[in-house]
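Read the structure below first, then the notes.
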Amino acid sequence: MKTRDVAVNGLIKENAVFRMLLGLCSILALSNKAINGLGMGVAVTFVLVCSNVVISLLKRVVPNKVRIPCYVLVIATFVTVVELLIKYLSAKSSAIAQIGDAMGVFLPLIVVNCIILARAEAFASKNTVGASAIDGLFVGMGYTIGLTLLGIVRELLGSGSIFGLQILGGFRITFFSQPAGAFITYGLLICLFNITYEKIEQNNANRKRKASVTLSNQVTEEGAVNG
Amino acid sequence: MDSAFVALLLTGLFVGNYVVARFLGMCPFLGLSKKVDSAVGMGIAVTFVMVVASLLTYPLYQLMVKLGIEYLRTIVFIFVIASIVQVLETVIKKISPSLYSAMGVYLPLITTNCAVLGVATLNLESELVTGLATALLNGLFSGLGFTLAIVILAGMREKLDKQPLNKHLKGFPISMILAGFMAMAFVVFTYIKLGE
Amino acid sequence: MNDKVRESIKTICILVAITIICVALLAILNDVLYVAPDMDSFDRTAKSKSGYTLVEQNVKMTNGIVKMVAEGEMLNGEAVVGLYVEGKGSSPAGSFTLVVIIHKATGEILGVRKLVDGGDVGYEYLDDNLRSLMGTVIDGSTVFDSDNFVVQAGATYSTKACRNAMQAVAEYYYINYLQGGQE
Amino acid sequence: MESLMLLIQINWRIVIISIGITAGVALLMGVIIMVIANVFTIKGQDPRIDDVKENLAGANCGGCGYAGCSDFAKALVEGKAEINDCGATNKDNKIKIASILGKQFSGEEMISVVACNGGINCADKFEYKGYCDCAYANMHSSGPKACNSGCIGLGNCASVCPVEAIKIIDEVAVVDRDRCIACGLCIKTCPKSIIKSIPKSAQVIVACCNECKGKEVMDICKVGCIACGLCARVCPHAAIHLENNLPIIDYGKCTGCGLCVDKCPKNVIHKVG
C-alpha cells in the first residue's frame, strides 16, 4: 500500500469519524467544544501511532492465548503517559487544564477507544512497523479533523462561539450542547457526508465510464472495419 | 441505606444513563441494536461484566491509593477487565454452549466497551459510591440502564428499517436521530431532586 | 502433559515481562513529571509572609474533594489556612476547583478564587458571586447550605458545583479546626 | 551529569512498589487465564475442529445453514456437512480444509448474480407505498412491478447480505462482484428467487428471468428478453440454448467472446468478466 493510498484511506475513504464510525463514545462526548475535539484528537493520534508501532514490533512475540490482554497493556501504557503529560502540563497552563478537565473520564477511556484496538488488530498486527506508524498517523489525523469539524458545528450552534471566541454574540441554541443535540447533529452530518461522498464517487464512475466508452468505440470501429 | 439505593437506581437507569447521558458504550449501542434479541444478549453480557468488574476494581483501587500508586489505575483496570472477559468466555463455552451461542459471541466486544471501564473509573469519582456494596449497585444499575437504552433503540430500529426512507438517511444517521430523541426523553428525569 | 504446562508458563512469562517493562517506563515517567503542588496559587489569593507549608492532600469530603491543605502566615501576622478544593457539578457542568483562604482562629473567609471553571461557555459562575462569600464566618459545617448560597440565574449546574466545593471547605474546617485540636 | 542527578532524585521506593503490584496482578491474571483455559477445554473435542475453523472465512454469515463458523466446523469434522456449503471461504483454504479432513476437493468458486435488469425500465402495475419489504410487497398480487417475475427492488437481499455486497440501484438489486462471498443468504431470502449462483469465472450473464412470450414482455419492460434466439444462433461455441423463452448459458463452453452481448437487441446479456 503506497503511503498516498494509506493517506487517502485514513483521511477520507476510511475516515474514523464519518465513514468507519469508530470511537463514537469520545466523538459524541468531546465535540461540545472545538478545542476539546482538537485536544482529544491529538491525544488519540499520539496513542494510536505509538501503540501501532509497538504492537507491530511485538506481533510475533505475543502468544495467541493472551493476545488481547497484551495489546491492551501496551495501549494503556501510552494512555497513562498522556495522562501524566496532561497532569504535568495543566499545572503550567490553564488552557490545557481546561481541556484536561473537559476530557475528564474520557481520557482514560482512550484505551478502549474502538479505533485504537481496531487499527491494532486489523492493521498493526499484520504489517511492518513503518506502514503501521503511517497508518496510525493518518487515521489519527482523519479522526482529529472529523472531531474538530463536529466540534466547530456544535459549538457554533450550541454556544455561538468558535474555539471560545464569541461570534454570534450571545445567540445560542442550548439544545446543541446537550447530549440530545450531539446525537442529532452527528447523525445529520454523517448523512451530509454520505451524500457528498456518493456524488464524488458517481462523478468518478461517470468519468471512468466515459473514458472506457470512448475506448470501446474505437475497438468496435476497428472490429467493424476488418470484421 | 435505602435513599442511596433509590438514588443509585435513578442515576444508573435514567439521570446518569451511561449511554444516553454520558455517551459511554456507544459502539455496541449502535452496532448491535439491529435486532432486539441481540440487544438483550449484549445487555445481559455487559451488565454481568460490569458487576464483576466493579467487584474486582474497587478494592484494588483502595489498595493502590494506600500504596500511593493510583496513577496506574487505568492500566490495572483495563488489564483486569480484559482478563475477566477472557476467563468468562472460556468458562461459559464449557459450562453451557447454548448460553454461549446466545450471549458468548458478544464477550470479545466487551473488552473494547467504554461502559465497562467507564463504570470502573466512575465508581471512584461518583459521590454516591461510598463502599464496595454501593459500587456493586452502581455497576448493576448502570448495566441495566445500558440494557434499557439498547433494547429500546433496537425495538425502534427494527420497525424503522422497514419504512420507506430516503436512502441516505437509512441505517446509521436515522438511528443517531432516534437516539437523540431518546436522550431528550431521558433528560426529563434529571429534574428529579436526588436526595438533596 | 508437561508441554502444555511449559507452553502456559512461557505465555505467562511473556505477559509479566511486558507488564514489567511498561510499568517501569511509567513509574520513572511519573517521577520525572512529578507535579509539586503549587503553593503559589495560595500566595496569589492571599499574600503570605514566608510562603505556605503543605499539611495534607486529597481528603474526600461528602460533597467534594479537598485536594490540598496548607498553612501560612499573612503579612499582618495572622495565621491562615489555605484550601484547594474541587466540587462536582451534575453531568453537563464539569468540576470546579476553588482556592479558599480562611482565618485560622476566627474561621472568617479572607479570599476565594476560581482556578478551574467546569461550566460550559456562557455558564461560568461569576467571580463577584464568589467574592460575595468573603467575610462569612464558618461557625458550623452547614454554613453554606442551599438556602444562603448565592444562586446564579441560568447557571444552576455551576452554582451547584461551587456550593459543593464550599460545603467541603466548611466541613473540613469544622472537623479539623473548630472541633478537632489545633494541628 | 545532569541526567545522573535526575536518576538519583527518582523516588525508587514508589517505582519498585508499582512494578511489584502490577507484575503481581499480571501474574495472578495470567495464571488464572491459563489454568482456566487448560482446565475448561472441552474434553473429547476433536482437535481438528479448531484447525478447520482457523481456515474458514469466519464471517459467521449462516449461509451454510449452521449457527456460525464454529458449528459448521464441528459439522464438517463429523462429516455431516460438505465443504462447498460454505461459499465464503476462498479456494485455497477449502483445499487446506479438505486435506485436514483427508478428503478431495475440486469445487468451483461461485458468486451470486441478480437475473433482472428491470427496475425503472419496467412499468408498475400500481404505486406501492406500503411496508418496505419484498416478501410483503410480493403478497400484493406479486409485487408492484408489471413483470411478475422481476426484481421488486425493496432490498430484502441488501439487508440480509453479511458483507453488504448488494445495492439497490434504480429500483433493481445489483451484486458487487468483488465483495460477494457467495454465502447464498440472498438467494434464500429473495421472494422471487431470481438471484442465481454462477461460477466466478463467468464472463457473461443473462439479466432477465421473464418466461412470457416476446410480445408480452415488450409491453411492460424496455430491457426484457423477447426470446428472439439471436444470441443462441450467433454464439460460435453453441453455448447458449433457449428454454421457455429465456437464454441459458453453459459456462463450460462459453469462452466470453461477447458476440451475444452485442447481438442482443434488448441488451439483456451483460459482459461482466
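The basis for the numbers below is simple: all heavy atoms, side chains too, and nothing from hydrogens, waters or symmetry mates. Small disclaimer: the values here were computed from a predicted structure and weren't measured. Sequence lines set the chain letters: A, B, ... in the order given, protein chains first and strands last, and positions in each chain run from 1.
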Problem set entry | OG1-CD1 distance between B:Thr74 and A:Ile75, expressed to the nearest 0.5 angstrom | 13.0 Å

Exercise. Quick one: what part of B:Tyr71 sits under 4.5 Å from any heavy atom of chain A, side chain, backbone, both or neither?
Worked result: both

Problem set entry | Which of A:Gly181, A:Gly187, A:Cys25 touches chain B most, by non-hydrogen pairs under 4.5 Å | A:Cys25

For this session: With a 4.5 Å cut-off on heavy-atom pairs, point out which of A:Cys70, A:Gly23, A:Ala29 contacts chain B the most.
Result: A:Ala29

For this session: Could you grab the distance from atom OH of A:Tyr197 to atom CD1 of A:Ile200, nearest 0.5 Å is fine?
Result: 8.0 Å

Problem set entry | Largest heavy-atom contact set with chain B, pairs under 4.5 Å, which of A:Ile68, A:Ile195, A:Ile190, A:Val111 | A:Ile195

Problem set entry | Segment of A:Leu117 engaging chain B (4.5 angstrom heavy-atom cut-off) | side chain

Exercise. Which of the residues B:Gly25, B:Ala179, B:Ala185 is involved in the greatest number of heavy-atom pairs with chain A at under 4.5 angstrom?
Worked result: B:Ala179

Exercise. Mind checking whether A:Asn127 and A:Asp135 have side chains closer than 4.5 Å, heavy atoms only?
Worked result: no

Exercise. Would a 4.5 Å heavy-atom cut-off, applied to side chains only, mark B:Val19 and B:Met26 as touching?
Worked result: yes

Problem set entry | Interface residue of largest heavy-atom contact number with chain B, from A:Val79, A:Thr80, A:Leu21, under 4.5 Å | A:Leu21

Exercise. With under 30° as parallel and over 60° as perpendicular, where do the rings of A:Phe18 and A:Phe193 fit, or are they tilted in between?
Worked result: parallel

For this session: Answer yes or no: is there a side-chain heavy-atom contact under 4.5 Å between B:Thr47 and B:Leu140?
Result: yes

Exercise. Which answer fits B:Val116, side chain, backbone, both or neither, if we ask what part of it has an atom under 4.5 Å from a heavy atom of chain A?
Worked result: neither

Problem set entry | Largest heavy-atom contact set with chain B, pairs under 4.5 Å, which of A:Leu192, A:Asn113, A:Val72 | A:Val72

For this session: Select one option (side chain, backbone, both, neither) describing which atoms of B:Leu30 are under 4.5 Å from chain A's heavy atoms.
Result: side chain

Exercise. Quick one: does B:Asn138's side chain have a donor or acceptor within less than 3.5 Å of a partner on B:Asn123's backbone?
Worked result: no

Exercise. Relative to each other, are the rings of B:Phe29 and A:Phe183 parallel, tilted or perpendicular (30° and 60° limits)?
Worked result: tilted

Exercise. Side chain, backbone, both or neither: which part of A:Thr77 has a non-hydrogen atom closer than 4.5 Å to chain B?
Worked result: both

Exercise. By a 4.5 Å heavy-atom criterion (distance strictly below it), what part of A:Leu107 contacts chain B: side chain, backbone, both, or neither?
Worked result: neither

